[in-house]
Every structure is written in structure tokens, then in C-alpha cells.
Trainee: 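Quick one: the structure is below, questions incoming.
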Protein chains: 2
Amino acid sequence: MLKEERQQTILNEVELHNRILLTDIAETLDVSIDTVRRDVKELDADKKLKKVHGGAISLGFTTNNIRNAHIYALEEKTAIAKKAIGMLRNGSVVFIDGGTTCLELARLIPEHLQLTCFTISLQVAMELSNKPNVTTIIIGGQITKESQIAIGANAIHALSEIKVDYSFIGTGYVDAVYGLTEFDWDIVQMKKAVIKASKKTVLLSISEKLNSQHRYKTCDINTINTMITELDPENVLLRPFKNLDIKIV
Amino acid sequence: MLKEERQQTILNEVELHNRILLTDIAETLDVSIDTVRRDVKELDADKKLKKVHGGAISLGFTTNNIRNAHIYALEEKTAIAKKAIGMLRNGSVVFIDGGTTCLELARLIPEHLQLTCFTISLQVAMELSNKPNVTTIIIGGQITKESQIAIGANAIHALSEIKVDYSFIGTGYVDAVYGLTEFDWDIVQMKKAVIKASKKTVLLSISEKLNSQHRYKTCDINTINTMITELDPENVLLRPFKNLDIKIV
DNA sequence: TATTAAACCGCATAAAACTGCAATTAATGT
DNA sequence: ACATTAATTGCAGTTTTATGCGGTTTAATA
């Protein structure tokens, strides 16, 4: 691997995660820690990032909100969120799922857009409540400790009484054959209820999750009406999904 | 975790709460108190915050006038919250209202305490979900933009189906004669529903709110079972409440 | 004034950064 | 194609930094 490629990779990682550890980078790039150190030193001299003890942080780190700092693959998720926002119209009634991609979607909703948003995520609800023209409704239920979303029979019942134009959902794993799958049984039940409660379902997924599966199944892939990734629709990774009845953005 | 991340987290906490305790930060960040002290010292040297005995305060907090400082009245609210926590037992099922005093209560719940907590506040729910032994349930409903709590017919209906041991509620205004009053009609409806849903109602109120009233009435003063203020029970301000059937802490 | 909690100080330890050097690889000239 | 030179990389040893801990001093509080 060329030095320049390596440095570019380091830069990308920093931009993506807002921070990196030298030890992590050395491992993923399979070079010695000293090499990474020298690379980071150069990049720091070129004002491309800020070198700190033990790692490096992006230049905008201190000005950015910390909440952005720990989102993995922020760039990709922002790209996805922007595409999703293009689907929204004044007066739309939508559901927004939990997860960082959907959180990013909530954040990027423009001020002028008039929406009614349902959600099960505390964080998404908080973001939405800052938007002057968005009516936010949270679905009640027991809050999970990991992802801070409402789950349980009560939440599912509440969802059974609504019908939104679009639901924007994330998933743990997605595969053209196995469909949408999750690690967690409760989450699957919630997502099923969400899909039932929506006229059209939009899946937001970074390419990393494509062609992977896990234990519990949410739905078949053709239950999804639109799939949004950060990739170009012609990308080879999306080929397995091409001949299905899904719009790929 | 990188030092810079840690310091950024500290800064965010300070901005959020206006004031932090070094012990709290040390615990949440899982580092020694000395490390936090050194971090805060550096941040103070960089004029990012002001270091005080036992913690740090945001720069804006000191430059703001007394009125602003008083709005938060963190000292008082912390004192109230601590008294309220004394009422909690393992296995208690409680409701926690919105507002800064109740938020403080949620924050100060000790790690070991096993509770089931209902709330209508996004912020309270978020705090609670960080507690390992607390089961958090959020009541669904439309989120208000100012206080980020769930309101509406749906929320009221959800409350009508539960009965908690204690509800800890705040109020806009409280008076021995006029009872609990609010500026906002919707809030009154919510509080009424909360009181109905609880075996015992505990009012948390800083002394500033004593002997004041407003347009809409939540309930009579003797509907409240316990009133907690930061004052000593013998304080002259509490005299009007003395001969009523209320426990004053 | 006594008591408690926080701040401070110095030290020990572990991790990271630096240094010089040898080995390897890439680039260049003949 | 081959030799020479320059650049890059990894390694061992050293220096620096970050962090936690015990003991002491100082500040807050009752």
C-alpha cells in the first residue's frame, strides 16, 4: 500500500468518526504504530487534522457538537438522510425510527418543512422538537437502555392505531434473500408494527449492512418500498436488489 | 478514550447544566477524580469554563445576571431532589414529571436503586435510561416544544390505565389557598391525569414558587400528600401550609 | 472548633512519543 | 539490466506524557 493511500484512509477515518486511535489505525491498516504516527504527524503539519496524544481528531472537533462525534460513518449517514429528506413534502405524516441514521435524518429536516412525525426514539423526538414546524408525537413504551427507544406491547398497540404516509426505518442487517434481520427479538416486533402502520416503508441503510443477516427476521426484502443507501444506484453491491420490486435511491 | 474527547464531554456537560460536580463527571466518564480535576484545570486555563470548589461552572453562568442564575436554582433543586430520593425504596413504582427539579431527581437516583419509573418527559426518560436498575416507561403523546413533555388525549388516556405508588410532580405556582396553578391549560390536564394515576402525590417546589398563583388550576393544595421544598419545615414561608393535611419535608 | 470533603503534591506505573539505526523498498542514472 | 541513491518502514531503547494512588494541606460546613 502506498503512503498516500494510507494517509488518505487515515483522513477519511478521521472525518468519519471525528477521532481515531493510532493503535486502531495501525491494526486496520496492518502497519506498525510508528508508521501511522509518522503519517499523522505529516497530516498534522499539513493542517489536515489535529494530532493528539494517542490518536488524532478532526479539525472541527471542538466546534462540533459532541453528539455528532460518536456517530459511526457520519458522512454516509448524512448522505442517506439527505436523500430521504427529498421524499418529504409539506404536510407529510411520517414515522422515524431510532438509530443513528434516522437521527441524522431528523437533524437535517429543514426549518421550513411542515411535518407530523411519529417516533419511538427519545433522541429523535428531542431533535424533532427543536424544529419549529414539526409536530412530534412519541409512541409510549418501555425504554431500552442501549438504543433508548420505546418497545413493548403498549408501543405496538399504539402503532396499530396509526397509518403514516412514509416510515423511515433502519435495520441491523439486510440481505436480498433473507430480507431484514435483527439481533434482538423485541426490536423485530417493533419494526413489524411500524411497517404495518405505514403506507410506504423506506429503508435507510449504509452499504456496510448490505448482504448480511442475523437471527430474527423483520420482513422480506420486497416488503420494503424504497431502499436508500449512500451508494450510486448502479453500484455492484446493489445488484442483488436490482431485479426486485424496490426503488433504490 | 482520548483526553480531548473527555474534555469536550466535560465542556458539553457544563454548557448543558451550567454547573457540574467533579465527582459526577469522574463517575460518568469512569476516570479518577484527579484526572477530571486536571482536565478542568486545563479548561479553566483555556478560559473554556470556570473552576470552582468541587466542580466547574459555565462562563456564561457567572456573567449572566442574578435573575438568570436564579432560574436554574440548582442548589435548591438538588436539595429537594435528595429529599425526594429518600422516599424511594427498592421495587417502588413511581411517576416523574417534567421540569428541572424532577430532572434533577432523575439524575440523582442512585445506581443500586431498583425502580419502575413512568414519565412524560423526554429528558427525564433519557436520564433514567442511564440507570442500570431502573425500568423506564415513557407515556406517549405529542411533544411540547418548550418543555419537551408528552401531552394530549392519548397521554391522558395512557395515564388512566396505570396506578403508581408515588408521583413526583412540579408546578408553575403553588398557594395554600388557591392550590396548584399553571399558565398552560394543557399542562393542567396532564397533571390532573398524573394525580389520578397515583396513590400518593409528592409536590417538588422551590420556595420561590410558594404563595403564587396563575390562571388555571391543577388541584387543591390538600390533594397533595407531601410537599418538598429546599427549606427547613419550620421556615416561616411554609407556615400557611402547616395546618393542612400535608406532610412537609 | 471539629468534621468532612476537596485540592494539592509527589511518586509509581503504563502507555505513547521520540530517536537512531538497520533493513527493506522504490526511484534514478548509467 | 544493474548499481547507486533516496525514501520508507519496523524495531530497540529512551524520553515524555497521562493517569491513578496515598498522604498532606486547604477549604467549606455544621
Side-chain angles (χ1 to χ4, degrees), chain A residues 1-11 13-14 17-58 61-62, chain B residues 1-11 13-14 17-58 61-62 69 73-83 85-86 107-108 110-111 229-235 249:
Chain A
M1 180 180 238
L2 273 86
K3 196 174 98 173
E4 285 185 8
E5 287 186 72
R6 211 177 44 228
Q7 294 194 356
Q8 192 57 50
T9 308
I10 294 172
L11 264 182
E13 286 293 305
V14 170
H17 304 128
N18 285 315
R19 60 132 224 180
I20 53 166
L21 301 176
L22 295 195
T23 49
D24 287 356
I25 290 291
E27 199 178 338
T28 51
L29 291 178
D30 198 30
V31 289
S32 82
I33 188 96
D34 294 82
T35 304
V36 177
R37 189 168 287 126
R38 274 183 277 241
D39 282 337
V40 168
K41 210 171 174 180
E42 282 184 37
L43 291 166
D44 181 59
D46 294 348
K47 305 270 186 229
K48 299 280 180 62
L49 48 69
K50 183 145 183 274
K51 180 169 154 21
V52 298
H53 191 92
I57 57 180
S58 84
F61 179 76
T62 45
Chain B
M1 186 181 223
L2 294 171
K3 196 174 93 171
E4 280 67 23
E5 291 184 84
R6 212 178 43 227
Q7 295 192 354
Q8 189 62 45
T9 307
I10 293 172
L11 268 181
E13 284 293 305
V14 170
H17 305 315
N18 283 311
R19 172 176 168 277
I20 55 165
L21 298 176
L22 297 194
T23 49
D24 288 355
I25 292 290
E27 199 180 337
T28 51
L29 291 177
D30 198 29
V31 289
S32 81
I33 187 94
D34 294 81
T35 303
V36 176
R37 187 169 289 126
R38 274 184 274 240
D39 282 337
V40 168
K41 214 170 174 180
E42 280 184 40
L43 291 167
D44 182 53
D46 294 348
K47 306 276 182 218
K48 299 278 181 64
L49 48 69
K50 183 147 184 281
K51 183 170 152 23
V52 295
H53 190 90
I57 54 179
S58 86
F61 193 70
T62 45
L74 194 65
E75 303 276 336
E76 289 84 347
K77 289 175 180 176
T78 305
I80 294 170
K82 279 181 183 163
K83 290 182 188 176
I85 282 168
R107 267 190 201 134
L108 293 177
E111 297 274 299
T229 75
E230 83 280 11
L231 302 173
D232 185 277
E234 299 307 316
N235 192 293
V249 182

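It should be emphasised that the depicted structure is a prediction, and the values quoted were computed from it without experimental measurement. Order of the sequence lines sets the chain letters (A, B, ...), proteins ahead of strands, with each chain counted from 1.
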Trainee: Rounded to whole Å, how long is the line connecting atom CG of B/Leu2 with atom C1' of D/dT17?
Mentor: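 Taking atom C1' of D/dT17 as the reference, CG of B/Leu2 is at 14 Å.
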Trainee: Taking atom P of C/dC8 as reference, at what distance in whole Å does atom CG of B/Asp34 sit?
Mentor: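 These atoms are roughly 11 Å apart.
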Trainee: Is there a donor-acceptor contact under 3.5 Å from the side chain of B/Asp232 to the main chain of B/Glu234?
Mentor: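 Flag set: sc B/Asp232 to bb B/Glu234 pair under 3.5 Å.
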Trainee: Compare the minimum distances between each of C/dA17, D/dG10, C/dA7 and the side chain of A/Thr35, then state the nucleotide with the smallest one.
Mentor: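 The closest nucleotide is D/dG10.
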Trainee: The side chain of A/His53 lies closest to which of these nucleotides: C/dC18, C/dA17, D/dG22?
Mentor: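 Nearest to the side chain of A/His53 among the choices is C/dA17.
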Trainee: For A/Leu22, answer base if it contacts any base atom (sugar-phosphate contacts may also be present), sugar-phosphate if it contacts only those atoms, and nothing otherwise; contact means non-hydrogen atoms under 4.0 Å.
Mentor: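 Sugar-phosphate contact only - A/Leu22 comes under 4.0 Å of backbone atoms but never of a base.
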Trainee: Return the value, rounded to whole Å, for the distance between atom CG of A/Asp44 and atom C1' of C/dA16.
Mentor: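 Atom CG in A/Asp44 sits about 16 Å away from atom C1' in C/dA16.
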Trainee: With distance as the sole criterion, do the side chain of A/Arg38 and the base of D/dG10 form a donor-acceptor contact below 3.5 Å?
Mentor: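 Pair found.
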Trainee: To the nearest 0.5 Å, tell me how far B/Glu13 CD sits from B/Thr28 OG1.
Mentor: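 Answer for the CD-OG1 pair, B/Glu13 versus B/Thr28, is 6.0 Å.
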Trainee: To the nearest Å, how far apart are B/Ile33 CD1 and C/dC8 C1'?
Mentor: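 Going from CD1 in B/Ile33 over to C1' in C/dC8 covers 13 Å.
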Trainee: Taking only the side-chain nitrogens and oxygens of A/Lys51, find out if one of them lies under 4.0 Å from OP1 or OP2 of C/dA17.
Mentor: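 For C/dA17, OP1/OP2 do have a side-chain N/O of A/Lys51 under 4.0 Å.
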Trainee: Can you tell me how far P of C/dA6 sits from CG of B/Leu21, to the nearest Å?
Mentor: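 Going from CG in B/Leu21 over to P in C/dA6 covers 8 Å.
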Trainee: Counting the atoms with a prime plus P, OP1 and OP2 as sugar-phosphate, which does B/Val52 contact under 4.0 Å by heavy atoms, base, sugar-phosphate, or nothing?
Mentor: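 Sugar-phosphate contact only - B/Val52 comes under 4.0 Å of backbone atoms but never of a base.
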Trainee: Evaluate salt bridge (Lys or Arg N to Asp or Glu O under 4.0 Å) for A/Lys50 paired with B/Glu4, printing each intermediate quantity in order.
Mentor: CA-CA 11 Å; A/Lys50 183 145 183 274; B/Glu4 280 67 23; 5.2 Å; no
Trainee: Expressed as a whole number of angstroms, how long is the span from A/Arg37:CZ to C/dT19:P?
Mentor: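 Atom CZ in A/Arg37 sits about 12 Å away from atom P in C/dT19.
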Trainee: If you take all heavy atoms of B/Pro110 and B/Ile85, which pair is closest and at what distance?
Mentor: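 Result for this residue pair: CD-CG2, 3.9 Å.
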Trainee: For B/Met1 and D/dT19, what is the distance between atoms CE and P respectively, to the nearest whole Å?
Mentor: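 Atom-to-atom, B/Met1 to D/dT19, this comes out as 11 Å.
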Trainee: Between B/Arg6 and D/dT19, does any side-chain N or O lie under 4.0 Å from OP1 or OP2?
Mentor: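 Answer yes for this pair, as a side-chain N or O of B/Arg6 is under 4.0 Å from OP1 or OP2.
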Trainee: Could you pull out the closest heavy-atom pair between B/Glu42 and B/Gln7, with the gap in Å?
Mentor: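 Of all heavy-atom pairs spanning B/Glu42 and B/Gln7, the closest is OE1-NE2, 3.2 Å.
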Trainee: Can you tell me how far C1' of D/dA7 sits from NZ of A/Lys41, to the nearest Å?
Mentor: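 To the nearest whole Å, that distance equals 16 Å.
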